Amino acid sequence: MRGRFGPPPPDGGPRLQRVDRTGPRGGRPTLPGPATEMVTLPSGVRVEQLTTGAGDPITVFAHGLAGDISGTRPLGSAVTGRRVFFHFRGHGRTDVPPGPWSFADLAADLRALADLSGATRAVGVSMGAAALCRLLAESPDRFERVVLYLPAPLDGARAAVSVQRLERLLASVESGEAAMIADAVEREMPPSVRNTPAGWSYLRQRVEQLQRDGLAPEIESVWSAPALAEETLLKEFRGRALVIGCLGDETHPASWAERIAGLLPEADLEVYDRPAVLWSNRAALRARVSSFLNAP
C-alpha cells in the first residue's frame, strides 16, 4: 500500500481518528455505521464492502469520485434483492495500490466485485458510472440492467469546478483539521440544506469518515486518460439502462447523460429540472431507480 492522506490502517483495520483541537468539543457523537467487511479481489486488492438485503437479484453500487458507501445507499434503499456497496481503491478502508490509476483499473475492480457477489445489475454514480460504462464497453453482456446516475464525462475532460472541488477536498484531508474538512464538504452541499438537521448530520458523518479513513491522492490520476476512448462501443450493450441527469449541475451537465443515453440501445433517460436531486427530491429519485431495477 502507498501513501494516503489520513492515518494508515493497522493491518487493514479501522483507521484511528486524529486528535484535532479544531473539531467540535460538544454534541452527540454520530451513530456508528453498519459493519462492513474486507474482501480480496483476484488482483490482490482488498476492498471494503457492505452487503444488505437478501436473495436475488443482486445489485452492485459504485460511488463517485471522493464518495463513499453512505452516499450510494439511498439509491438502493427500495431495490429488492441483495445490494452490494463498496469503496473504490483509495476510498474508505480499501487498499491503495501503487499509482497511477486508470478507469481500466476501476472497471476491473467493479467487475471483480460483481463476479464475487454474482451481481447481475449495477448502479454507477458519476465516476462510478464512467467506470461502469468502461465495463459495459468491454463486456456488453455482463449486466442485465444498469443505472447511470449523473455520469462523469467519458472523454476525460472534467469541468473546472470539479477539478477545484477535488483539490480543495484533498488539501483539507491532508491538513487533518476538522474545520477545514467541514468547509470543503459543506461547499458540496446545496445551500438550502446546510443549516438543517439533515445537513448537519451528513456533515458530521462525512467529516468523521474522512478523518478516520483518509483519501488517497492517487485518485486524481484516474483522469489522466478518457474513461472510454471509443464511446460507440456502448452501442453493443445488450441489457437495459436508466440514465439520470440534472439541469443546472455544473459538475455533471445534463448533456453528458443525454449523450450516453443516446449511445445505449435500450436506455431510458430521466433529466430532473434542478440539481442536488438526492437532497431535494430523494423520494422520487429512489422510486425511479427502484421501479426500474425491480421490474421483471
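From a predicted model like this one, the values you see are computed outputs, not experimental measurements.
Between Cys133 and Leu154, the shortest heavy-atom distance links the atoms CB-CD2, 3.9 Å. Nearest heavy atoms, Met38 versus Arg93: CE-O, 3.3 Å. A pairwise comparison of heavy atoms in Leu264 and Ala241 identifies CD1-CB, 3.7 Å as the closest pair. Listed here is the closest heavy atom pair of Ala137 and Pro140: O-CD, 4.2 Å. Taking both residues in full, the closest heavy atoms of Pro275 and Cys246 are given as CA-CB, 4.0 Å, listed atom of the first, atom of the second, then distance. The shortest heavy-atom contact between Leu132 and Leu110 is CA-CD2, 3.8 Å.
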Candidate pair Leu269 and Glu258, rule side chain to side chain contact (heavy atoms under 4.5 Å, CB included), full reasoning: CA-CA 7 Å; Leu269 175 64; Glu258 294 168 352; 3.7 Å; yes

Chi angles and distances behind the side chain to side chain contact (heavy atoms under 4.5 Å, CB included) call for Gln49, Leu116: CA-CA 12 Å; Gln49 74 170 23; Leu116 286 175; over 6 Å; no

Candidate pair Val123 and Thr72, rule side chain to side chain contact (heavy atoms under 4.5 Å, CB included), full reasoning: CA-CA 9 Å; Val123 176; Thr72 53; over 6 Å; no

Evaluation steps, side chain to side chain donor-acceptor pair (under 3.5 Å), between Thr251 and Arg165: CA-CA 9 Å; Thr251 58; Arg165 167 185 171 268; over 6 Å; no

His91 and Glu48: CA distance, side-chain angles, deciding distance, side chain to side chain contact (heavy atoms under 4.5 Å, CB included) verdict: CA-CA 9 Å; His91 299 73; Glu48 181 181 18; over 6 Å; no

From CA spacing to verdict: side chain to side chain donor-acceptor pair (under 3.5 Å), Ser117, Arg82: CA-CA 9 Å; Ser117 63; Arg82 186 148 49 101; 5.7 Å; no

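Qualifying salt bridge (Lys or Arg N to Asp or Glu O under 4.0 Å) partners for Arg142, counting only residues two or more places apart in sequence or in other chains: Asp115. Glu37 pairs by the salt bridge (Lys or Arg N to Asp or Glu O under 4.0 Å) definition with nothing, not counting sequence neighbours.
Ile181 and Trp200 fall within a single hydrophobic cluster, where Ile, Leu, Val, Met, Phe, Trp and Tyr side chains are chained together by heavy-atom contacts under 4.5 Å. Under a hydrophobic-cluster definition in which Ile, Leu, Val, Met, Phe, Trp and Tyr are linked whenever side-chain heavy atoms come within less than 4.5 Å, directly or via other members, Trp256 and Leu106 are assigned to different clusters. Val163 is not connected to Phe103 by any chain of hydrophobic side-chain contacts under 4.5 Å among Ile, Leu, Val, Met, Phe, Trp and Tyr, and they are in different clusters.
Of the inter-residue distances, the one linking Glu186 atom CD with Arg206 atom CZ reads 14.0 Å to the nearest 0.5 angstrom. In this structure, CD in Glu270 is found 6.5 Å from CD1 in Ile244, a value given to the nearest 0.5 Å. To the nearest 0.5 angstrom, Ile219 atom CD1 is 7.5 Å from Trp101 atom CH2. Taken to the nearest 0.5 Å, the CD1 atom of Ile260 stands 10.0 Å off from the OG atom of Ser255. In this structure, the separation between CG on Asp109 and CZ on Arg89 is 4.0 Å, given to the nearest 0.5 Å. To the nearest 0.5 angstrom, Thr59 atom OG1 is 8.5 Å from Phe85 atom CZ.
Contact annotation: the side chain of Leu65 approaches that of Trp223 to within less than 4.5 Å [non-hydrogen atoms, C-beta and beyond]. Contact check for Tyr149 versus Leu278: side-chain heavy atoms found under the 4.5 Å cut-off. For the pair His87 and Thr36, the minimum side-chain heavy-atom distance is 4.5 Å or more. Counting heavy atoms from C-beta on, the side chains of Leu210 and Val185 come closer than 4.5 Å. Considering only heavy atoms from C-beta on, Arg282 comes within 4.5 Å of Pro74 through its side chain. Leu135 has its side chain within reach of Phe143: a pair of non-hydrogen atoms, C-beta onward, lies under 4.5 Å apart. Counting heavy atoms from C-beta on, the side chains of Val60 and Phe86 come closer than 4.5 Å. When side chains are defined from C-beta on, Thr52 counts as touching Arg73, because their heavy atoms get closer than 4.5 Å.
No side-chain donor-acceptor contact under 3.5 Å links Asn281 to the backbone of Val277. Without hydrogens or angle criteria, Ser139 side chain to Leu136 main chain gives no donor-acceptor distance under 3.5 Å. Using a distance-only test at 3.5 Å, with no hydrogens or angles considered, no donor-acceptor pair links the side chain of Thr51 to the main chain of Val84. In this structure a side-chain-to-backbone donor-acceptor pair under 3.5 Å is missing from Asp95 to Val45. With hydrogens and angles ignored, the 3.5 Å screen pairs no side-chain donor or acceptor of His252 with any backbone N or O of Gly245. A donor-acceptor pair under 3.5 Å is absent between the side-chain atoms of Glu144 and the main chain of Thr120, judged by distance alone. The backbone N or O of Ser172 lies less than 3.5 Å from a partner atom in the side chain of Ser175, making a donor-acceptor pair. At distances below 3.5 Å, not a single donor-acceptor pair connects side-chain atoms of Asp183 with backbone N or O atoms of Met180. A donor-acceptor pair under 3.5 Å is formed between the side chain of Asp155 and the backbone N or O of Ala157. Side-chain N or O atoms of Arg83 include one that pairs as donor or acceptor with a backbone N or O of Gly81 at under 3.5 Å.
Using a 30° and 60° split on the angle between ring planes, Trp279 and Tyr202 fall in the perpendicular class, above 60°.
Atom CZ of Arg274 has 12 or fewer heavy atoms from other residues, nucleotides or ligands within 6.0 Å. Atom CD of Glu250 is surrounded by 12 or fewer heavy atoms from other residues, nucleotides or ligands within 6.0 Å. In this structure, Arg259 places its CZ atom where only 12 or fewer heavy-atom neighbours from other residues, nucleotides or ligands lie under 6.0 Å away.
By the 6.0 Å and 45° rule, Arg240 does not stack over the aromatic ring of Phe292.
Of the candidates Leu41, Thr40, Val47, Ser43 forms a side chain to side chain contact (heavy atoms under 4.5 Å, CB included) with just one, namely Leu41.
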